[in-house]
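All remarks here apply to the structure that follows.
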There are 2 protein chains.
Amino acid sequence: MSDEGEVILDQTGRVLGPRAQTTRQRLLDATTGLLDEKSLRDLRVADIARQVGTSPAAFYQYFKDVEDAVLCLAGQASNEMPSILEHLDGDWRGEAGLERARRIASAFIDHWDQHRAVLRIRNTASDEGDARFQAVRSEAMQPVLMGLAAQVKRNRGDKPATGEHPLAAAAGLAAILERLAAYRRELERFGVTRDDLVETSARIVHRTVTG
Amino acid sequence: MSDEGEVILDQTGRVLGPRAQTTRQRLLDATTGLLDEKSLRDLRVADIARQVGTSPAAFYQYFKDVEDAVLCLAGQASNEMPSILEHLDGDWRGEAGLERARRIASAFIDHWDQHRAVLRIRNTASDEGDARFQAVRSEAMQPVLMGLAAQVKRNRGDKPATGEHPLAAAAGLAAILERLAAYRRELERFGVTRDDLVETSARIVHRTVTG
DNA sequence: TACCTTCCTGACACTCCGTCAGATCCGGAG
DNA sequence: CTCCGGATCTGACGGAGTGTCAGGAAGGTA
């Protein structure tokens, strides 16, 4: 990622002045925009540069390659990981727990609606084994995963008799939350509304957490 | 896909003789092998050709591009979609239903263990919007999705009062099954065994289907 | 051997990548 | 206002990989 910390550097390690920061940000914005139209695979450095009205060479001043820029965007998006953790801790039993689950599901959907293209790439690149994207994704999801696993464990009174593994259950729940949020558009075409998604995933999560 | 029906054609539409079929198959095998080492993005036609001991130009005789070859493999893998549908129909209540769910989960894991690389690409390409991969994936998953949705609907006595949407629930369950199967390796490093995965996903599926 | 079909290849034009030396820009010192 | 020096950008290029084509090799048949 080319965006760690506060001081932003270019590819040779030098601090960026204000003019450069503007250019860099415009390159990032252009990348975001273009990703709504074409896949990462089809996204050319030349496209991004043209959109910004600069030369391809300028792009390489700030980013190693297109993936590097997207990685940066993915980092930003992941950092906006919504207030899910707040909802995690507390009592999961009964209607209050279900409401908790609804809030989490809803926050996930909002998160994905706002960063669909970039989050999709984050996950696919991560699935394909790219270590940098894996790191960004983990950083965002790990707390959710651990939080869910802890709640599963707690609310079952630690009885492993059910045969369910807390971490596996948490991973499964995370899968539902992500997938339904990611596929919102597609499911809508089959008559599944946003509320349906929230309610359905919330109930599965709630049932799984409380056993 | 370059593999529809029985008679196999080359890129110009001519029927393949026995020698050509062998070459084509070797190209496919080499592709499978290389996909275990590198990502689709890094897989060059030249690599595949060299592996087979032929020229890059030969590759283009049988496939439009690398994706086309992988698509063909994805189609083959998807067709081997295991005997999941057999387990879907029937009574889901009680221990028998849970056992049903275990069989499905187990079959999913086997399926993914056998075709991990190709199925991953099928899904990521499909996620990225590639219509051809979407078609292959749908063809494989649609029956599972519909079957699960039908069971959800049936076993709830059609009471929509629970607020869960059958199709959304089915999509969520499919997400769990796929993700846990796809991430088996990674989860194992955290001490989650195959049995844990089967039992956990089976129970979530069973609970969700029976309400 | 001569021939014909099937299959494969060398060679090429093209696209895009990533780098570098040098041009351009711009604010501040004089 | 003019000039200077660092900050920023660019044109031009070597390289890798793609996809195509005319023609060459391989193998069967008579």
Side-chain angles (χ1 to χ4, degrees), chain A residues 1-3 7-31 34-35 37-72 121 125 130 132, chain B residues 1-3 7-31 34-35 37-72 121 125 130 132:
Chain A
M1 180 161 30
S2 306
D3 207 10
V7 182
I8 300 176
L9 307 174
D10 76 356
Q11 285 306 103
T12 64
R14 273 226 301 270
V15 178
L16 293 192
R19 189 156 46 115
Q21 291 217 21
T22 305
T23 304
R24 183 177 182 281
Q25 190 55 50
R26 287 202 300 157
L27 287 167
L28 283 175
D29 293 345
T31 304
L34 286 168
L35 281 177
E37 300 165 19
K38 39 176 77 185
S39 74
L40 178 59
R41 205 178 166 73
D42 301 325
L43 185 56
R44 308 273 159 238
V45 170
D47 296 334
I48 302 174
R50 187 163 358 96
Q51 183 105 354
V52 170
T54 186
S55 72
F59 180 92
Y60 289 102
Q61 203 124 31
Y62 305 108
F63 306 104
K64 209 173 121 295
D65 50 28
V66 176
E67 276 204 2
D68 189 43
V70 177
L71 183 65
C72 176
I121 293 176
D130 186 305
R132 302 171 302 172
Chain B
M1 180 160 27
S2 306
D3 207 9
V7 182
I8 301 177
L9 307 175
D10 75 355
Q11 284 307 104
T12 62
R14 271 225 302 268
V15 178
L16 293 193
R19 188 154 48 113
Q21 292 215 21
T22 306
T23 303
R24 192 184 114 99
Q25 190 55 49
R26 287 202 302 154
L27 286 168
L28 284 176
D29 293 344
T31 303
L34 286 167
L35 281 178
E37 299 166 18
K38 40 176 76 187
S39 72
L40 178 58
R41 208 181 164 69
D42 301 325
L43 186 55
R44 309 272 158 241
V45 169
D47 296 335
I48 302 173
R50 187 163 359 95
Q51 182 104 355
V52 170
T54 185
S55 72
F59 179 93
Y60 290 104
Q61 202 125 33
Y62 306 108
F63 306 104
K64 207 175 120 295
D65 50 28
V66 176
E67 276 204 3
D68 188 43
V70 177
L71 184 65
C72 176
I121 294 176
D130 186 304
R132 300 171 303 173

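Proteins come first, then strands; the chains are lettered A, B, ... in the order of their sequence lines, and each starts at number 1.
If you measure from atom CZ of A:Phe59 to atom P of C:dT19, you get 12 Å, rounded to the nearest angstrom. The nearest whole Å value for the distance from the CZ atom in A:Arg50 to the P atom in D:dT10 is 14 Å. With rounding to whole Å, B:Tyr60 atom OH is found 16 Å from C:dG10 atom P. In this structure, CD of B:Glu67 is placed 10 Å from P of D:dG19, rounded to the nearest angstrom. Here C:dC17 presents its P atom at 11 Å from CG of A:Asp42, a figure rounded to the nearest Å. Nucleotide D:dT8 holds its P atom 15 Å from the CD atom of A:Gln25, rounded to whole Å. Between A:Tyr62 atom OH and C:dT19 atom P there is a gap of 16 Å when expressed in whole angstrom units. Going from atom CG of A:Asp47 over to atom P of C:dT15 covers 14 Å, rounded to whole Å.
Looking at B:Asp47 and B:Arg50, a side-chain N of the basic residue comes within less than 4.0 Å of a carboxylate O on the acidic one, giving a salt bridge.
Here the side chains of B:Leu16 and B:Thr23 are not in contact, with every heavy-atom distance at 4.5 Å or above. Looking only at side-chain heavy atoms (C-beta outward), A:Leu71 and A:Phe63 stay at 4.5 Å or farther from each other.
Within a 6.0 Å radius of CZ in B:Arg14, other residues, nucleotides and ligands contribute 12 heavy atoms or fewer.
Between B:Arg44 and B:Arg19, it is B:Arg44 whose nearest contact on DNA chain D lies nearer the 5' terminus.
Heavy atoms of B:Ala20 sit under 4.0 angstrom from primed sugar atoms or phosphate atoms, though from no base atom. Contacts of B:Arg14 with the nucleic acid, taken as non-hydrogen atoms under 4.0 Å apart, are absent.
OP1 or OP2 of C:dC8 lies within a sub-4.0 Å distance of a side-chain N or O belonging to B:Thr23.
Here C:dT9 is the nucleotide among C:dT9, D:dT18, C:dC17 with the atom lying nearest to any side-chain atom of B:Ser55. Each of C:dC17, D:dT10, C:dC8 was ranked by its minimum atom distance to the side chain of B:Thr54; first place goes to C:dC8.
Contact detail for B:Asp68 and B:Tyr62: the closest heavy-atom pair is OD2-O, 4.3 Å.
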